[in-house]
There are 2 protein chains.
Amino acid sequence: MEGEPTRIMIGVNESTIKGYPHPSISSKGAFEWTLRKIVRSNTSGFKLLFLNVQVPDEDAREVEGGCNWELPEGKLNKVELMVWLFLMLSATELRISVTDSVGFNDMDSIYASPEDFKSLKHMDKERGLHLLEYFVTRCHEFGVSCEAWIKHGDPKEVICHEVKRIQPDFLVVGSRGLGPFQRVFVGTVSEFCVKHVECPVITIKRRADEAPEDPVDD
Amino acid sequence: MEGEPTRIMIGVNESTIKGYPHPSISSKGAFEWTLRKIVRSNTSGFKLLFLNVQVPDEDAREVEGGCNWELPEGKLNKVELMVWLFLMLSATELRISVTDSVGFNDMDSIYASPEDFKSLKHMDKERGLHLLEYFVTRCHEFGVSCEAWIKHGDPKEVICHEVKRIQPDFLVVGSRGLGPFQRVFVGTVSEFCVKHVECPVITIKRRADEAPEDPVDD
């Protein structure tokens, strides 16, 4: 009667406070909410698909050749200032386009059980791998099947791209639950996904009692 | 192990094309999606809560005393036109405030099984009741427990109010999936809910092959 399991994609990222390899408060919250409220005891009815997107700031910095685009010291005249602005903006554009092209490599490794991480211990340099191990191990304990993989690029764009490629039944994303004023400055991946992703999206806000001192942290 | 069932609130409304008592294409779609993708075979793990909001245009019309605010025939000078506009806007404001106060009556009747509708057959004049009967009967067939009720007012506001009162685990709303241009004119309840409702919200877009000739219809 059950047929194919419901495929739930969950976007997960690293914590900005506790640092690598801990999951962010909001992605951990979204994941636990999904287990408790959706999967429940019906572990064979669902499959969880974890996507971690690594922002390739390292790659971008290399392309810029170590240039430091801070405003030069000393007084600049208007023409000098214009030239500096032009150069800085060109570099920014270059960085953006490089980031994009780095994004969608198709060298996927897919992790589906705790064993998949054991053989990798000696070469687990890739950022995000410990994060995936956390979620895959927890699924294994819970008894629900899963797959997890890492992509590089802008999280918003990559999530949309991966939803198109993987076609999950729906997407779960955590959110810091920032107010309108804070959102202007930090942007939110969840809002972008709700607007642009092809499948249904459910946003799970971080619980107020779990928010860190600085609510922009996660 | 299962504990309390997951309580899913679903906003349902009548079709604009097939007319009373049929559910709209998008609310039927959102409901069937919930059964197929979330509830699945775990019928004891979930409880569905159907909210139908009736827009009290009838009440409003009575208050207006049957006035017909169409532009009077014949040529009007500027002063006459201003007076007419002022009167029409005042009436609109009156209607809005009446609509609001009608909104949150607490004379709830809750319908939880097909039997609850049988005794009402002779007095089932309230709009929306056939709609609830449709969803409650379908739940009964599927084997999942449910509750259904009607409220009056502005659907956006009433849904937010009821989420606060009922505290479901999440809210499911259907959406016509209109483009940005159409949305400007018709407004969407789903977008408002995603922004303002206190619990997680999942929006289920109508399937493209189910859209009627005029996509604003539903």
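Only a predicted model underlies this, so the values are computations on that prediction, with no experimental measurement involved. By convention in this document, chain letters (A, B, ...) are assigned in the order of the sequence lines, proteins followed by strands, and residues within each chain are numbered from 1.
Annotation: side chain of B/T6 is not in contact with side chain of A/I38 (no heavy-atom distance under 4.5 Å).
When the salt bridge (Lys or Arg N to Asp or Glu O under 4.0 Å) test is applied to B/E32, the partners found at least two apart in sequence or on another chain are B/R138.
In plain terms, the two heavy atoms of B/P200 and A/T203 that are nearest each other are CB-O, 3.6 Å. When all heavy atoms are compared, the tightest approach of A/N42 to B/V39 is ND2-O, 4.5 Å. The shortest heavy-atom contact between B/D169 and A/K37 is OD1-NZ, 2.8 Å.
With a 4.5 angstrom heavy-atom cutoff, A/R36 touches chain B only via backbone atoms. For chain A, the nearby part of B/V194 is the side chain; its heavy atoms alone come within less than 4.5 Å.
Between chain A and the options B/V201, B/I8, B/I202, the largest number of non-hydrogen pairs under 4.5 Å is found for B/I202.
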